[in-house]
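Have a look at the structure below, then the notes.
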Amino acid sequence: MTSSIGNAAFFLLLLAACCVTSTLACDPTDGAKFGYVGSVGPAHWGTLSPNFTQCAKGTSQSPIDIWTAGAVYNPALQPLHRDYTVANGTLVDNVFNIGVRFDGGGGNVTIDGKQYRLQQLHWHSPSEHTINGQRFPLELHMVHASDDGNVTVVAMLYRFGMPDPFFLQIQGKLAALYAEGCDAEKGVPVPAGVVSLWPLRLHSHAYYRYVGSFTTPPCTENVVWNVLAQAREMTVDQAAALMAPLEKAYRRNNRPTQPMNGRVVQVYRFLP
């Protein structure tokens, strides 16, 4: 995979986001507050709550830097069978990220014969995972859960370029989400209407798989990650609009990469 984010492009993203909106004053959770800077930043997550200790003590944490030369090709891995169609979505300001929730389900992904239902998706800026040390402007996480409570995430990295067709469907709703302010987290999310998830099925001919954790507290482990190898594209304006409703301290909402601790990243490639 090849991609680059110039310093100028990334600066434009931050500048645009800071100019679009003022700071909101709300806490990210009903419990312990966590953030990305200062005394509530990632280095301190493990001490902020007894429920967050795995953020500091876990041995299989996410995100990671994916070193492509060290990734092991596994011929037993299967394609990502993603059965996404159209679904009613709800745009939510989670305070620490912007997400789309699918209460009625948004389709499924099948991994190792097990079906996982799409629950929600959200964005991080800049990316949390890196490829050979390369960080991207954005990363999308599609969070799925199985009937027995297991979790898998399909992650997509974004570089600046052409408009993202999926994001175009919800872009007009972001202004309404910003107008709701903190109320969006207190029970007044913004209906996104019927959203087509078909665009998110593209670019899955290669992916990296490893076992990690949630990238926000409580940093629960045993999450199966599938990071698509081919980066998608989004415009600088779209990226700025995505960060605009967030409080200033959360517009840069990526957790640093975590130690591998002996884990192996497997790679799937479609071989015609």
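Just the heavy atoms: all of them, side chains too, but no hydrogens, waters or symmetry mates, feed the values below.
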Quiz item: Centres of the His124 and Tyr36 rings: under 6.0 Å?
Solution: no

Exercise. Taking the side chain as every heavy atom from C-beta outward, state whether Tyr208 and His129 have any atom pair closer than 4.5 Å.
Key: no

Practice problem: Indicate the ring-plane relationship of Phe96 and Phe34, choosing parallel, tilted or perpendicular according to the 30° and 60° boundaries. | Solution: tilted

Self-check item: Test side-chain contact (heavy atoms from CB on, under 4.5 Å) applied to Val143 and His122, step by step
Solution: CA-CA 8 Å; Val143 183; His122 59 268; 3.8 Å; yes

Exercise. Answer whether the closest heavy-atom distance between the side chains of Gln238 and Pro163 falls below 4.5 Å.
Key: yes

Quiz item: Without hydrogens or angle criteria, can the side chains of Asp148 and Ser146 be said to hold a donor-acceptor pair below 3.5 Å?
Solution: yes

Exercise. Would you mind reporting whether His141 and Thr215 have side-chain heavy atoms less than 4.5 Å apart?
Key: yes

Self-check item: 4.5 Å side-chain heavy-atom contact, Asn254 and Phe136
Solution: no

Quiz item: Is the shortest heavy-atom distance from the side chain of Val264 to the side chain of Tyr210 under 4.5 Å?
Solution: no

Self-check item: Test item: side-chain donor near acceptor, Thr90 and Asp103, under 3.5 Å
Solution: no

Quiz item: Do Val223 and Ser62 come within less than 4.5 Å of each other through their side chains, counting heavy atoms only?
Solution: no

Self-check item: Donor + acceptor pair across side chains of Thr257, Asp65 (<3.5 Å)
Solution: no

Quiz item: Side-chain heavy atoms under 4.5 angstrom apart, residues restricted to Ile, Leu, Val, Met, Phe, Trp, Tyr: same cluster for Leu91 and Leu197?
Solution: yes

